[in-house]
Amino acid sequence: TFSYLASCGTMELNDGNLQTLTEFMRKTLDPDPSVRRPAEKFLESVEGNQNYPILLLTLLEKSQDNVIRVCAAVTFKNYIKRNWRIIEDEPNKISDPDRTTIKANIVNLMLSSPEQIQKQLSDAISIIGREDFPQKWPDLLTEMVTRFQSGDFHIINGVLRTAHSLFKRYRHEFKSNELWLEIKLVLDTFANPLTELFKATIELCQTHATDINALKILFSSLTLISKLFYSLNFQDLPELFEDNMETWMSNFHNLLTLDNKLLQTDDEEEAGLLELLKSQICDNAALYAQKYDEEFQPYLPRFVTAIWNLLVSTGQEVKYDLLVSNAIQFLASVCERPHYKHLFEDQNTLTSICEKVIVPNMEFRSADEEAFEDNSEEYIRRDLEGSDIDTRRRAACDLVRGLCKFFEGPVTAIFSGYVNSMLGEYAKNPGVNWKHKDAAIYLVTSLASKAQTAKHGITQANELVNLTEFFVNHILTDLKSQNVNEFPVLKADAIKYVMIFRSQLPKEQLLQAVPLLVAHLQAESTVEHTYAAHALERLFTMRGPNNSTLITPAEMAPFTEQLLNNLFKALALPGSSENEYIMKAIMRSFSLLQEAIVSYIPTLIGQLTHKLLLVSRNPSKPHFNHYLFESLCLSIRITCKANTTTVGSFEEALFPVFTEILQNDVQEFVPYVFQVMSLLLEIHTSSIPNSYMALFPHLLQPVLWERTGNIPPLVRLLQAYLEKGGATIASSAADKIPGLLGVFQKLIASKANDHQGFYLMNSIIEHMPTESIVQYRKQIFILLFQRLQSSKTTKFIKSFMVFINLYGVKYGAIALQEIFDSIQPKMFGMVLEKIVIPEVQKVSGPVEKKICAVGITKILTECPAMIDTEYTKLWTPLLQALIGLFELPEDDSIPDDEHFIDIEDTPGYQTAFSQLAFAGKKEHDPIGDVVSNPKILLAQSLHKLSTACPGRVPSMLSTSLNAEALQYLQGYLQAASVQLV
């Protein structure tokens, strides 16, 4: 079956194929990678075949084995996720008949499947809907809405769940006419049935008030209906909801105050249906209070009362976290709106909020302590990365910030009292009362921070809080304690304080903190050593005067060895073998310290390579892997800058691992490997080493070029091959030149990658010996013209212009004119008239402009056809266009120094191709120092031309060059001290 299935473009819908797929599915669940990987590869190889998705749907509907059904559902959803969107230039893997069949059957199938499968298919529908609804799938909604009539809540909830995943993007889409039209269509079809369903469901809840199983289903419906309410009301207040506000709001209010004993759960961790519903209603009320305050005004006071009562009466258990945080968020959004200010003005109200809502929800609970110790990754994600949106602490923090908007003075005063008494309690008995200090630090942080960014920490602070004094009296003492493992939570708090307020604290205190942070890298607690690594990394990216780093390598000198030792030792601590914060700190330390790390690299490179080998066998942490490759690049660049001959020792260390990665086709790592290899090859000064030449044929394999993520690094690697070994390729691998041109042909045909094709071609022109490519030249130009005729984009034209000018610089203007005119008579004139003259000012980038300037100068002054044929009429317009290119304002924004770049900030960061900042390629200027100033070159070349045919040049200038351009030209001639004759 293997070869047959994979080779034919259609898979028959028969039992044999269902059986084959079932076998491979079962293998994809095998824990042993040698069984699992080939099975995954096989499924990937057949997913382009017609009927493949239909076979999956058949399996998930009819298979006898439940595991296979679920596996088929997940595989189907991921297949849809990868392939449904049609991307220009990329193969469309799902045939039209399959698309039609899927859309015709998926809703029914989803509604009749068990819940586990229903969820997967519901997701698939929303992915398809994201692309096809409403234009290409107009009957989706009507098909769903009619199911509301079925009265079967398994079906109704399937519809609601799907509608929710379809509409929730309305919460974060930018306004656009297209979006409004779609929402209007949805409202016309959906809003009324939804309102009726809401009313009917509320009634059924009363009818079945004592039937626990019915209530469970009905309450999950109500929660989904409330989520849909939020999505459909997010962009604007729809008329239908405004007209039915009484129905919605009074029922929401009743549900908030409802306390049905049957729905209470004993589970302390998992939120029950009642909590989930009330949480969503708090969100809905906050949305209306923020966005539609006038219309909502009549309902607001009763919601404030209901939500306040809810907050005061709800326990500290984890299952209430979402509810409490949404309820607090409601208060936070109300208290910062000017016309609700009066509700909070009274001192007693403020005190009561502080005492009953804020302080209790800032406490460090036993559940937090468990997460800190046993689930550190989740704790860090919530506490550090701000994904703690649904934590009580974050919500209480936001409420403090909201209240400070109008009542900063009184609120700060009330809390200062609490902070002092908490610190007092701690001082009496630290061992028992350490949680009081934790809450105090949290309170100070939430009071002090007004505005914050990831790059700089807190950027605006409350003037009423003395951050430096608090640091000296309460934070430094914890950092200085000799035992790094005592009170790990307070240590983590102290480290976080330094990190958050880094822009507020004076430099000498930060320098005082550095060695203490380095010591905390050895703490046993994962949270503690992770925070230490993160804090150091953030301190190292702070800017000092004149765009250098605030902390200099010289100031780090006393701690350098300890820093590097402890960072690498931290990777060996349990739970941190792939800790992305530690790896990022290693990268940033290398980048900060520069040549100070050279003596340590021989030891460290072994550890980095070993780590690479381990993670490449099962890559699971994309950020960790990215920083690992960045650190390798820094090791190479910094060491080889000091001594280029060391490049060989890096190749010896890295090539065995790289070979294994390429042979096992570890997709995530292949683009990284190509970038590091480019960096290594570019460092070589003499000819290209044999180890690289052995790999060359493999780089041209079409399968490598099918993955878009491989294209930028592969092109760069081939450019390095051409630059270092153009002659070697011509002499010992000439049979590979057609393959190289095949890559160019593939790239040039794609709108997304045509510029990469030109990078490659420009390197071929510049570095390959002329005789080795002479027979292909005409074909290259014909390919470019075909592309110009089929789709002419600005990007293509800019690249095309640079290419033809580089060709002229390399082979001479006559050769350029002759090759054009050999394809078709008068073609050269057409290119000048239709492309070069009108478009040359669009060329951007100093090197690109220089190539065009030198190329056009050659056309003007070294091409006889321009002076004495029908092309002569183009001479002055071309000169005018060139002067325009010189005199246009230049984009002189300086890119950020790579040391300060965060991968999350770089636009090119995605898993497919992650550009390594530290594998940075220097901009290459093919013309180099031969021409330092193209304006002077133009003046000298015109002078030379005018001496060869006296009188011609001035007369062409005086008849048709405009005055402004003439004036600029006079300036160039003067600067070059030449005249025209």
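Both backbone and side-chain heavy atoms feed into the values below; hydrogens, waters and symmetry mates do not. Just so it is clear, the model here is predicted, and its values are computed rather than measured.
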Would the Y340 and F406 ring centres measure less than 6.0 Å apart?
-> no

If you take all heavy atoms of F241 and A191, which pair is closest and at what distance?
-> CE1-CB, 4.0 Å

State the OG1-CG distance between T201 and L160, to the nearest 0.5 angstrom.
-> 8.0 Å

D236: salt bridge (Lys or Arg N to Asp or Glu O under 4.0 Å) partners, not counting sequence neighbours | none

Who passes ring-ring contact (aromatic ring centres under 6.0 Å, His included) against H253, sequence neighbours left out?
-> F303

Any donor and acceptor pair, going by atom type alone, linking the side chain of K319 with main-chain N or O of E268 inside 3.5 Å?
-> no

Would D123 and K119 pass as an ion pair if we require N to O under 4.0 Å?
-> no

Test ring-ring contact (aromatic ring centres under 6.0 Å, His included) applied to Y170 - qualifying residues, sequence neighbours left out | F167

What pairs meet the side chain to side chain donor-acceptor pair (under 3.5 Å) rule with one or both residues in residues 209-225, with sequence neighbours excluded?
-> N157-S220, N157-S221

Take D259 and Q264, measure what side-chain hydrogen bond (donor to acceptor under 3.5 Å, both in side chains) needs, and give me the verdict at the end.
-> CA-CA 8 Å; D259 190 17; Q264 287 181 351; 2.9 Å; yes

Could you walk me through whether I117 and V70 pass side chain to side chain contact (heavy atoms under 4.5 Å, CB included), step by step?
-> CA-CA 6 Å; I117 293 174; V70 175; 4.3 Å; yes

Contacts of type side-chain hydrogen bond (donor to acceptor under 3.5 Å, both in side chains), residue R147, not counting sequence neighbours | N108

Output the distance between atom OG1 (T22) and atom CD (Q64), rounded to the nearest 0.5 Å.
-> 10.5 Å

Kindly say whether P114 contributes a backbone atom to a donor-acceptor pair with the side chain of H154 at under 3.5 angstrom?
-> no

Side chain to side chain contact (heavy atoms under 4.5 Å, CB included) against C71, all qualifying residues, sequence neighbours excluded = M25, T28, L29, T75

Carboxylate-amine/guanidinium proximity below 4.0 Å for E44 and R82 | no

Look at the side chain of S279 and the backbone N and O of L323, then say whether any donor-acceptor pair between them is shorter than 3.5 Å.
-> yes

Contact check, side chains of F174 and L179, non-hydrogen atoms, under 4.5 Å = no

Atom CZ of R85: over 12 foreign heavy atoms under 6.0 Å = no

Under 3.5 Å donor-acceptor, N92 side chain and I86 backbone | no

Looking only at heavy atoms, which two atoms of I125 and L166 are closest? And how far apart?
-> O-CD1, 4.2 Å

What do you reckon, is CG of D267 surrounded by more than 12 foreign heavy atoms closer than 6.0 Å?
-> yes

Using residues 136-144 as the side-chain source, report each donor-acceptor pair under 3.5 Å to any protein atom, sequence neighbours left out, with the distance given to one decimal.
| unit_1 | atom_1 | unit_2 | atom_2 | d |
| --- | --- | --- | --- | --- |
| T142 | OG1 | D139 | O | 3.1 |

Once you round to the nearest 0.5 Å, how far does CG of L204 lie from CG of L218?
-> 5.5 Å

Any donor-acceptor pair under 3.5 Å linking the side chain of N309 with the backbone of T305?
-> yes

If you round to the nearest 0.5 Å, how far is CZ of R394 from CG of L399?
-> 13.5 Å

Qualifying residues under side-chain hydrogen bond (donor to acceptor under 3.5 Å, both in side chains), relative to D65, sequence neighbours excluded = R26

Heavy atoms, side chains only, cut-off 4.5 Å: are F219 and L258 in contact?
-> yes

With a cut-off of 3.5 Å and sequence neighbours excluded, list every side-chain donor-acceptor pair involving residues 360-370.
| unit_1 | atom_1 | unit_2 | atom_2 | d |
| --- | --- | --- | --- | --- |
| N361 | OD1 | R392 | NH1 | 2.9 |
| N361 | ND2 | V357 | O | 2.8 |
| R365 | NH1 | Q316 | O | 2.9 |
| R365 | NH1 | D321 | OD1 | 2.9 |
| R365 | NH2 | D321 | OD2 | 2.8 |
| D368 | OD2 | R365 | N | 2.8 |
| E369 | OE1 | K435 | NZ | 3.0 |

Just how far is it from atom CG of L222 to atom CZ of F252, taken to the nearest 0.5 Å?
-> 9.0 Å

Could you list the residues that satisfy ring-ring contact (aromatic ring centres under 6.0 Å, His included) with Y299, not counting sequence neighbours?
-> none

Test salt bridge (charged side-chain N to carboxylate O under 4.0 Å, His left out) applied to R169 and E182, step by step | CA-CA 12 Å; R169 67 185 183 88; E182 181 180 324; 2.7 Å; yes

Ring centroid separation for Y288 and F229, is it under 6.0 angstrom?
-> yes

Is there a donor-acceptor pair under 3.5 Å between the side chain of S313 and the backbone N or O of L310?
-> yes

Checking side chain to side chain contact (heavy atoms under 4.5 Å, CB included) for the pair M249/R302: CA distance, chi angles, key distance, verdict?
-> CA-CA 10 Å; M249 289 305 158; R302 68 181 106 152; over 6 Å; no

Answer yes or no: is there a side-chain heavy-atom contact under 4.5 Å between L43 and Y79?
-> no

Given the rule in the side chain to side chain contact (heavy atoms under 4.5 Å, CB included) test, do N233 and W248 qualify, once you have shown the distances and angles that lead to the verdict?
-> CA-CA 12 Å; N233 282 274; W248 285 96; over 6 Å; no

Residues in salt bridge (Lys or Arg N to Asp or Glu O under 4.0 Å) with K103, at least two apart?
-> D132

Does the side chain of D98 reach to within under 4.5 Å of the side chain of Y52, using non-hydrogen atoms?
-> no

Kindly determine whether D293 and Q297 satisfy side-chain hydrogen bond (donor to acceptor under 3.5 Å, both in side chains), including the steps that lead there.
-> CA-CA 6 Å; D293 38 21; Q297 202 120 29; over 6 Å; no

Would you please test R130 and E173 for salt bridge (charged side-chain N to carboxylate O under 4.0 Å, His left out) and show each step?
-> CA-CA 12 Å; R130 180 78 186 82; E173 288 269 315; 3.1 Å; yes

Do F133 and L185 touch side chain to side chain, with heavy atoms closer than 4.5 Å?
-> yes

With no hydrogens and no angle check, is any side-chain donor or acceptor of N51 less than 3.5 Å from a backbone partner on M11?
-> yes

Go through E377 and R381 one step at a time and tell me if the side chain to side chain contact (heavy atoms under 4.5 Å, CB included) criterion holds.
-> CA-CA 6 Å; E377 220 170 288; R381 212 174 59 81; over 6 Å; no

Side chain proximity check, I202 to N254, heavy atoms < 4.5 angstrom = no

Does L403 reach the side chain of V400, with side-chain heavy atoms less than 4.5 Å apart?
-> no

Residues two or more places apart in sequence or in another chain: which of them pass ring-ring contact (aromatic ring centres under 6.0 Å, His included) with F234?
-> Y230

Rounded to the nearest 0.5 Å, the CD atom of Q280 sits from the NZ atom of K227 at a distance of 5.0 Å

